[in-house]
Amino acid sequence: MFFHMVLERNMQLHPRSFGLNLRENLVSKLIKDVEGSCSGRHGFVVAITGIESVGKGLVPDGTSSSALVTFPVKYQCLLFRPFRGEILEAFVTLVNRMGFFAEAGPVQIFVSKLLIPDSMEFQAGDMPNYTTSDGSVKIQKECEVRLKIIGTRVDATEIFCVGTINDDFLAVINDPALAA
Amino acid sequence: MSVASDSPVHSSSSDDLAAFLETELDSGSDSSSESFPIEEEAAEDDTEVSNHRLKRRKLEHLETVDDVDEIEDVASVKFSQEISEASSSKLPCQHPGTFGNMCIVCGQNVEEEETGLSFTYIHKGIKFHQDEVTRMRDIDMKMLQNQRKLCLVLDLDHTLLNSTVLRDLKPEEEYLKSVTHSLQDVSGGDLFMLEFMHMMTKLRPFVRTFLKEASKMFVLYIYTMGDRPYARQMAKLLDPKGEYFGERIISRDDGTVRHQKSLDVVLGQEKAVLILDDTENAWPSHKDNLIVIERYHFFASSCKQFDHRFQSLSQLKSDESEPDGALATVLKVLKQTHSLFFEDGGEDLSSRDVRSLLKQVRKEILKGCKVVFSRVFPTKSQAEDHPLWRVAEGLGATCATEVDESVTHVVAMDVGTEKVRWAIREKKFVVHRGWIDAANYLWKKQPEENFGLEQVKKQGTDEKSDDVNI
């Protein structure tokens, strides 16, 4: 699910970047640090949409030649966080006999064979896939599936999820092979 | 409700059902158990729906009941099925595997200690419990048997190819830089320059044919002591279309024990896996599955690593022979073992073990030879425990400590021993231990003339005996 929130962060800036471009430097450093990171609470930061406010810079006590000044910055950003029970569309990246791996943006989702309906069987080959007995529905690399999230886990830079397609209205949305 | 009338068992009274049960299930059981179903039936006569459902289920059960003993179970099963339908609960989750610490079936957090084997070569973060791995292996075994395939685990360095760091190239090897094959289309060449890895790689002659033929009989795995990027890059050179190995590329980052290789992350049953490696000690617990191959030293740095004083193939500007090389020999052995496994002997395939078949193939090599060793083993130790004795027995030869009429070969390191002189007198073969080692690596009995002890011919049998220490 996507969220649009205001978050706060303390940015440290070296005095060499002070001057006319102070605010620009601050914002570009913020973008570089925060975009693409993720946290357990907020999920994945997709993009920063705006700066709400920049507080007064705090100079640390005691002087040293490499002193960095701290600026508290409030910024608006777009967050992405998967939840348990959420339905997502994902892109299949790897299919093997244990299940398949899919990606929804930065999120890696694994759907195990145990959570794939029994009607779909694994077919090995140079393009391994799961297919129904009549061949009408096929899950293979590079097809889109709709799945339900069963569990999520957030790492420093990645979010892992476990999903299922063993429910109504789930599984393949659009098969590139059939589209032709 | 018309639905109820569809069921042939339906009747307004439970007595008919009891009678039906009796006839269907055969009066082999005792009377007490027979009364059970009837009583239950009477209690549930309240709602037609539940009655009908019970009868439906009972019908299903009657169809599946094979022996008379199951009558008692009918009542209890009926009840439990009711309960399970009502609460729609399943068995507690067994947590067969985890993906980043989450159970792959229920999504709950699973503690670190309970989780099983890491399969990082498939994907980062995925682990499977040992029971699940066994289950997957069994399913795999059935699938492979249908396709008539076994598993083959291949080592990379010195087995299928030889790599060297560019820094270690000797001056006389510099000419190689000008004859490397393009990386755009690797299917034709065998010498590649990998600038971005500071390496040069030479594929062993015959390797492409080997892989093509082996993939028809085996599911192929790569298991190397190199790191993951190296393993993936080599797989791209050997298998540009990804048809032989797929995702089955295990590097040292994916192994469970450092500096050791094991079949625990290979998804095949141990009795259906063969291993091809140049280093025996890398597989401490799977020596029976292992086929040891002669090391491929193309680059000078490779020879130096193993402390050989010989010149490498690149320095000699030559290469291993394609049709006669080590890979061709091993391919023949693999074909032989594979055909023995899938031979239609009437025996159930699940009882066949590829390890014993490999031993069988090996025992053909020196079949019929009786070998006596002379001054090869230190006198204090037991001769039967010496590795060379064991190797000779593994190759099918009978070993003995004393000479007699049936002896065919005397293996010696030194001339002038009584056994050697006896052998010359009796016109038996005298060879040095290289003859046994060669048979082991080349899977064929070698001509004894190539392994003779030179001085034996010069000395002859007339000499006086020196100090004889056998």
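In what follows, chains are A, B, ... by sequence order, proteins preceding strands, each numbered from 1.
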From the list A:Leu94, A:Asn166, A:Val162, A:Thr152, the residue making the most non-hydrogen contacts under 4.5 Å with chain B is A:Val162
Short side-chain donor-acceptor distance under 3.5 Å, B:Ser251 and B:Asp254: yes
Okay, B:Gln147 and chain A: the region with an atom under 4.5 Å from a heavy atom over there is neither
task: Indicate the ring-plane relationship of B:His123 and B:Phe99, choosing parallel, tilted or perpendicular according to the 30° and 60° boundaries.
output: perpendicular
Test side chain to side chain contact (heavy atoms under 4.5 Å, CB included), reference B:Tyr223, set B:Ile249, B:Leu156, B:Leu154, B:Ile250, output is B:Ile250
The interface call for B:Met102 against chain A, heavy-atom contacts under 4.5 Å, is both
The interface call for A:Ile149 against chain B, heavy-atom contacts under 4.5 Å, is neither
What I want to find out is whether B:Glu213 reaches B:Lys335 closely enough, with some N-O distance under 4.0 Å, to be called a salt bridge.
yes
The interface call for A:Gln108 against chain B, heavy-atom contacts under 4.5 Å, is both
Honestly, the part of A:Phe101 sitting under 4.5 Å from a heavy atom of chain B is side chain
Checking A:Phe44, A:Phe83, A:Phe80 against A:Phe2 for ring-ring contact (aromatic ring centres under 6.0 Å, His included), the one that qualifies is A:Phe80
Between B:Arg232 and B:Pro229, is there a donor-acceptor pair closer than 3.5 Å when you use the side chain of the first and the backbone of the second?
no
Ranked by heavy-atom pairs below 4.5 Å to chain A, first place among B:Ile104, B:Leu267, B:Ile122 goes to B:Ile104
Whatever's closer than 4.5 Å to a heavy atom in chain A on B:Glu132 counts as side chain
